[in-house]
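As structure tokens, the structure follows; a few thoughts come after it.
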2 protein chains.
Amino acid sequence: MVDMSAVLVRGSERALYEQITDMLRHQLTSGLAKGDQLPTEAELVERFATSRATVRRAMQQLVDEGVLTRRRGKGTFLARPMPKVVHPIDRVMPFMETFKQVGEDVHTKLIHFGWEESPVLPEALNGWDRPVLTFQRLYVSRGVPHAVTSVIVPRRIGRMFSHADVEKNPIYHMLQKKAKVTPVRAEFLVSCRQPTPQLSEVLEMSRSSLLLVLERISRDAEGHPVEYSTHFLRPDVYQLSVAIDDLPSRRS
Amino acid sequence: MVDMSAVLVRGSERALYEQITDMLRHQLTSGLAKGDQLPTEAELVERFATSRATVRRAMQQLVDEGVLTRRRGKGTFLARPMPKVVHPIDRVMPFMETFKQVGEDVHTKLIHFGWEESPVLPEALNGWDRPVLTFQRLYVSRGVPHAVTSVIVPRRIGRMFSHADVEKNPIYHMLQKKAKVTPVRAEFLVSCRQPTPQLSEVLEMSRSSLLLVLERISRDAEGHPVEYSTHFLRPDVYQLSVAIDDLPSRRS
DNA sequence: GAGTGGTCTAGACCACTGG
DNA sequence: CAGTGGTCTAGACCACTCA
């Protein structure tokens with residue numbers, strides 16, 4: 001429950017909705033509301049003696065931060081806390097493994113599989129033969145989706161993969177067993193991006209918050225790129241780690 | 001200017017404020033509003049024949065995305081576009097260098113310098129002698145702040161650094177020239193975080209959007225950690241790149 | 001003082017979930 | 001059906017900027 005003793009200060013420097021956000025945040029984290037459901041908007045309007053718009057604005061802030069989730073017709077709930085996961089990108093480890101190491105169940109679902117004639121690709125992949133095979137997997141733990149990975153491979157490799165293969169196996173497994181290619185080098189790019197409407201849908205996140213995006217180009221021994229994958233990660237769940245030995249000597 | 005011909009569809013699946021956001025975004029990027037200032041809220045209310053709250057909600061979305069900035073008493077403006085910068089973390093390169101490579105002027109400002117008795121540090125740094133020296137630098141280009149770096153070093157190294165040193169030199173330069181230590185290994189952690197109130201202030205960003213955060217622990221040849229730095233990066237500006245050779249063989 | 005964006009109110013109608 | 005959150009309206013007052 002939410003403490004009623006605290007009172008809003010009208011005419012303060014701090015806006016009413018900010019004061020409400022602060023109070024809710026504090027009381028949620030200090031365990032006063034261990035349960036799932038929060039008071040309804042109508043109740044909060046009464047307790048804080050403000051308008052509904054002000055209460056909503058305060059709650060929206062916490063929704064954007066991932067602390068709360070709201071469902072029309074049901075109510076407002078403490079977002080199910082997700083484990084913090086550190087994914088090492090300097091080793092070849094499927095995301096499944098990263099999650100299992102923290103004792104999590106992970107379910108994957110293939111949400112796209114198809115050939116594409118004119119994909120948008122990084123410059124480094126201009127030499128690939130078309131069409132390319134592209135597929136997307138969704139990762140879910142405790143009923144909560146937390147990552148989408150999109151993989152693209154050139155035609156000569158993609159033709160070795162069946163729908164059933166892709167549904168079950170990590171990409172590096174398929175590259176080695178099915179396509180008989182061994183990645184020996186990978187280039188990574190980390191960035192933050194707005195989710196597309198589709199991604200915000202399947203990852204159940206607000207369209208205004210950001211995704212942590214990890215792109216990877218893997219190359220075989222000859223330096224030819226053999227796969228291009230993009231990982232869309234919920235930033236409240238994932239961290240990425242890298243260790244670099246033998247730091248090159250300074251230049252300038 | 002904003003095109004008046006497009007019309008909102010009332011009763012559509014898509015909310016009015018979303019339609020307005022879409023139209024503004026499209027017309028801004030398609031060059032119809034090359035200038036700086038957008039129509040005022042009052043003008044948009046008239047053109048779209050909606051309430052002010054709806055127009056504001058549409059614009060707020062673009063402000064959160066960093067497309068627009070609003071200033072009370074002045075108006076709403078296209079946010080000054082910042083260059084996209086890729087910072088390689090597998091080489092030792094100061095941020096200054098990264099920016100200069102894209103032809104940017106960069107100014108730095110020391111915004112904090114002091115000793116701290118009880119800092120919060122990663123476990124790996126528990127062995128450090130206290131107090132630790134901590135300082136923060138703000139990076140500004142084209143008058144727009146885009147990064148804050150916070151550096152912490154143990155007492156035995158920090159005592160070699162003067163305020164003037166820190167104001168002018170990259171950390172790795174000081175480690176080698178002043179403290180006579182050479183980092184040979186570094187561990188990185190990449191994450192997304194809410195800015196603190198102080199960070200959202202100096203980086204001029206909304207408190208509800210996320211920062212790209214890069215943490216680094218550098219070690220000398222004996223494996224002792226010699227510095228811990230945290231880089232708070234505006235996600236609309238920075239990307240991080242890593243290349244890994246000799247991918248380890250698969251495990252499971 | 002006129003004009004800007006920042007906050008807040010008190011309503012309204014709707015779509016969705018549940019009993 | 002009553003109750004939830006999602007959207008929208010038409011006002012109001014304020015702090016700030018600039019002429």
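Lettering of chains follows the sequences in order, A, B, ..., and the numbering in each one begins at 1. Keep in mind it's a predicted model, so treat the numbers as computed, not measured.
Relative ring orientation between A:Y139 and A:H146 is described as tilted, the plane-to-plane angle lying within the 30° to 60° band.
For the pair B:E46 CD and C:dG3 C1', the computed distance is 15 Å after rounding to whole Å. One interatomic measurement links the two molecules: CD of A:E41 to P of D:dT7, which rounds to 11 Å at whole-angstrom precision. Regarding B:R71, its CZ atom lies at a distance of 17 Å from the C1' atom of C:dG3, rounded to whole Å. C:dT7 atom P lies 15 Å from atom CD of A:Q60, rounded to whole Å. Rounded to whole Å, atom C1' of C:dC16 lies 13 Å from atom CZ of A:F77. B:Q37 places its CD atom 12 Å from the C1' atom of D:dT17, with the value rounded to the nearest Å. Following rounding to the nearest Å, B:R72 (CZ) and D:dC16 (P) show an atom-to-atom distance of 6 Å.
A salt bridge links B:E227 to B:R216: at least one charged side-chain nitrogen sits closer than 4.0 Å to a carboxylate oxygen. A:D236 has no carboxylate O lying under 4.0 Å from a charged side-chain N of A:K84, or vice versa, which leaves the two without a salt bridge. Using a 4.0 Å cut-off between charged nitrogen and carboxylate oxygen, A:E46 and A:R52 do not count as a salt-bridge pair.
Applying the 4.0 Å criterion to OP1 and OP2 of D:dG6, one finds that A:R70 has a side-chain N or O inside that range. When the side-chain nitrogen and oxygen atoms of B:K74 are compared with OP1 and OP2 of D:dC18, one or more of them lie within a distance under 4.0 Å. Listed pair B:T76 / C:dT4 fails the phosphate criterion, with no side-chain N or O lying under 4.0 Å from OP1 or OP2.
Under the 6.0 Å cut-off for aromatic ring centres, A:F113 and A:H163 qualify, their centroids lying closer than that.
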Under 3.5 Å, which protein N or O atoms sit close to an N or O of nucleotides 8-11 of chain C? Give each pair with its distance.
unit_1 : atom_1 : unit_2 : atom_2 : d
C:dC8  : OP1    : A:L16  : N      : 2.4
C:dC8  : OP2    : A:Y17  : N      : 3.4
C:dT9  : OP1    : A:R10  : NH2    : 2.3
C:dT9  : OP2    : A:S51  : N      : 2.9
C:dT9  : OP2    : A:S51  : OG     : 2.9
C:dT9  : OP2    : A:T54  : OG1    : 2.7

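Among the protein residues, B:R56 comes within range of the nucleic acid bases, having at least one heavy atom under 4.0 Å from a base atom.
No option in A:Q194, A:R234, A:M205 other than A:Q194 meets the side-chain contact (heavy atoms from CB on, under 4.5 Å) test with A:L210.
In this structure, A:R193 is not positioned above the aromatic face of A:F232 in the sense of NZ or CZ being under 6.0 Å from the six-membered ring centre and within 45° of the axis.
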